[in-house]
Amino acid sequence: MISKPRVLIVYVLLISALFFVYFHQTVAVPVAKPLEEIPGSFGAWHMISQEYFDDRVLAVLQPTDYISRIYANDKGGTVSFYLGYHAGGADSGPIHSPKHCLPGSGWQEISSQVMTIAGPSMDIPVVAAIYQMGDRHELFLYFFKVRGALLTNEYRLKIYEVVNSIFFNRRESAFIRISTSYEGDKMSAMTAARDFLQDVYPWIDQVLPK
């Protein structure tokens with residue numbers, strides 16, 4: 001039989017948690033620099049196009065700031081680069097994971113694994129996933145960044161957001177995705193995506209808050 005003091009403690013904790021959830025408000029954390037300050041040219045890469053989402057897409061994604069660009073290099077590599085930042089305030093929506101969004105858009109997951117890519121100053125954990133739609137194959141490298149932590153798991157992302165909200169009064173997060181199409185040469189696609197991530201990461205680190 002559970003003693004009355006223990007029951008009382010449980011009730012107090014539950015009530016305290018409810019009060020915290022109801023009254024607690026996280027502070028929106030701005031980017032360290034506007035995402036547009038990521039240059040159009042760096043290393044061997046140069047931007048060939050930039051996409052601006054319409055209101056319908058923005059209403060779904062709800063980023064505080066974002067960039068969506070296509071870069072190419074002199075070796076014939078072409079990659080799509082998306083960085084979506086969510087400041088954690090009332091107007092900021094949650095990150096939409098490719099695991100849910102891509103199948104909903106008609107893509108079929110062929111394979112997915114977590115791997116580590118050597119960055120300029122630190123190793124970068126990423127999800128490396130291949131999706132197919134008809135005859136088209138697309139390689140994706142993506143990860144999440146939360147207060148300096150690099151994550152590849154959606155559940156850990158939610159845990160970090162809640163912990164940061166409780167202890168630091170902030171819940172910002174960022175989603176970084178690099179993708180490239182390929183026909184038969186998957187290794188060339190991986191090389192292009194990896195090289196781009198290694199070159200762009202120092203700029204990502206500069207614009208996102210610590």
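Values below: every heavy atom of this structure, side chains too, minus hydrogens, waters and symmetry copies.
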Inset, instruction - Considering only NZ, NE, NH1 and NH2 on the basic side and carboxylate oxygens on the acidic side, decide whether Arg136 and Glu138 come within less than 4.0 Å. - result: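 Counted as a salt bridge, because a side-chain N and a carboxylate O are separated by less than 4.0 Å.
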
Inset, instruction - Check whether more than 12 heavy atoms from other residues, nucleotides or ligands sit under 6.0 Å from atom CG of Asp55, and answer yes or no. - result: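 Count not over threshold, so no.
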
Inset, instruction - Compute whether any side-chain donor of one residue and acceptor of the other, for Glu161 and Ser173, lie under 3.5 angstrom apart. - result: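 Looking only at side-chain atoms, Ser173 and Glu161 do form a donor-acceptor pair, the distance falling under 3.5 Å.
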
Legend entry - Test item: side-chain donor near acceptor, Glu109 and Tyr131, under 3.5 Å: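 The answer is yes; a qualifying pair exists.
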
Does any non-hydrogen side-chain atom of [Y] lie less than 4.5 Å from one of [X]?
| X | Y | result |
| --- | --- | --- |
| Lys210 | Arg147 | no |
| Leu139 | Thr180 | yes |
| His86 | Glu172 | no |
| Phe53 | Leu61 | yes |
| Leu151 | Lys145 | no |

Inset, instruction - Flag this pair as yes if the NZ/CZ of Arg177 is under 6.0 angstrom from the six-membered ring centre of Phe81 and inside a 45 degree cone about the axis; otherwise no. - result: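 Relative to the ring axis of Phe81, which defines the angle, Arg177 lies outside at least one limit.
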
Legend entry - Test item: His96 side-chain N/O and Val60 main-chain N/O as donor-acceptor pair under 3.5 Å: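 Side chain of His96 to backbone of Val60: a pair is present.
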
Legend entry - Test item: Asn164 side-chain N/O and Phe168 main-chain N/O as donor-acceptor pair under 3.5 Å: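 Not confirmed, Asn164 side chain does not pair with Phe168 backbone.
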
Inset, instruction - Take the angle between the ring planes of Trp107 and Phe140 and call it parallel below 30°, perpendicular above 60°, tilted in between. - result: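 Aromatic pair Trp107/Phe140 classed perpendicular.
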
Inset, instruction - Check the angle between the aromatic planes of Tyr142 and Phe175 and answer parallel, tilted or perpendicular using the 30° and 60° thresholds. - result: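 Correct class here is perpendicular.
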
Legend entry - Least distance between heavy atoms, Met122 atom then Tyr201 atom: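 Minimum heavy-atom separation between Met122 and Tyr201: SD-OH, 3.8 Å.
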
Inset, instruction - Please assess Ile117 against Leu141 for the test side chain to side chain contact (heavy atoms under 4.5 Å, CB included), listing each intermediate value before the final yes or no. - result: CA-CA 10 Å; Ile117 293 177; Leu141 299 182; 3.7 Å; yes

Legend entry - Full working for side chain to side chain contact (heavy atoms under 4.5 Å, CB included) between Trp45 and Thr78: CA-CA 9 Å; Trp45 300 92; Thr78 303; over 6 Å; no

Inset, instruction - Could you pull out all residues at least two apart from Glu36 that satisfy salt bridge (charged side-chain N to carboxylate O under 4.0 Å, His left out)? - result: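 Listed in chain order: Arg69.
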
